[in-house]
Amino acid sequence: MVRLLLFLVFGGAFVAVLFLTTRSEGAVECSVCIDYEGRSACRTVLAATRDDALAGAIRNACAVLSNGVTGTLACDRQPPRSMECSE
């Protein structure tokens with residue numbers, strides 16, 4: 001019984017710490033829409049900084065739109081059709 005109680009207390013504390021640390025990390029949310037080779041994709045990313053969120057959203061959108069390393073690199077260099085960030 002004591003082991004179960006200790007497990008629940010420490011397990012609950014672990015979950016609480018995990019929740020609080022992941023919430024504080026995602027301080028900026030960015031949405032990006034990219035057009036590439038006649039197709040379009042929009043993605044939203046939550047990250048610690050604006051730069052990380054923008055880069056992640058662009059990478060995610062390009063992953064859907066491009067094939068291979070060359071296509072991905074070319075897509076990454078495309079200016080986004082739209083982008084919006086909020087904290």
Side-chain angles (χ1 to χ4, degrees):
M1 185 67 171
V2 173
R3 287 183 185 178
L4 178 62
L5 184 60
L6 286 174
F7 176 76
L8 292 174
V9 168
F10 285 112
F14 176 75
V15 169
V17 168
L18 186 64
F19 176 76
L20 292 174
T21 56
T22 56
R23 284 298 296 159
S24 64
E25 295 253 343
V28 181
E29 182 178 79
C30 290
S31 296
V32 172
C33 293
I34 294 182
D35 297 325
Y36 180 70
E37 292 187 342
R39 296 177 24 197
S40 178
C42 299
R43 293 293 181 264
T44 300
V45 169
L46 191 64
T49 66
R50 183 179 190 274
D51 290 341
D52 288 344
L54 278 174
I58 290 169
R59 271 193 310 271
N60 288 349
C62 285
V64 173
L65 297 173
S66 60
N67 293 320
V69 174
T70 305
T72 300
L73 292 173
C75 180
D76 283 344
R77 289 191 297 270
Q78 294 293 317
R81 175 173 35 99
S82 67
M83 68 179 159
E84 181 180 335
C85 294
S86 62
E87 294 187 30

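Counting from 1, the numbers follow the sequence of the chain as shown. All values derive from a computational prediction rather than experimental measurement.
- How far CD of E29 is from OG of S86: 5.0 Å, rounded to the nearest 0.5 Å.
- R81 is linked by a salt bridge (charged side-chain N to carboxylate O under 4.0 Å, His left out) to D35, counting only residues two or more places apart in sequence or in another chain.
- Between the side chain of R39 and the backbone N or O of V64 there is at least one donor-acceptor pair closer than 3.5 Å.
- Judged as a side-chain contact (heavy atoms from CB on, under 4.5 Å), and not counting sequence neighbours, the contacts of D51 are T49.
- R59 is linked by a side-chain hydrogen bond (donor to acceptor under 3.5 Å, both in side chains) to nothing, counting only residues two or more places apart in sequence or in another chain.
- V45 belongs to no multi-residue hydrophobic cluster, having no ILVMFWY side-chain contact under 4.5 Å with any other such residue.
- By the side-chain contact (heavy atoms from CB on, under 4.5 Å) test, Q78 is found to be paired with I34, Y36, residues two or more places apart in sequence or in another chain being considered.
- In plain terms, the two heavy atoms of V28 and A48 that are nearest each other are CG2-O, 4.1 Å.
- Taking CG of L46 as the start and OG of S31 as the end, the distance is 10.0 Å to the nearest 0.5 Å.
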Validation: residues 65-72 side-chain donor-acceptor distances under 3.5 Å, sequence neighbours left out:
residue: S66; atom: OG; partner: C62; partner atom: O; Å: 2.6
residue: S66; atom: OG; partner: T72; partner atom: OG1; Å: 3.1
residue: T72; atom: OG1; partner: G68; partner atom: O; Å: 2.8

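- Considering CD1 of I58 and SG of C33, their distance stands at 11.0 Å, rounded to 0.5 Å.
- By the 4.5 Å heavy-atom criterion applied to side chains, C30 and T44 are not counted as neighbours.
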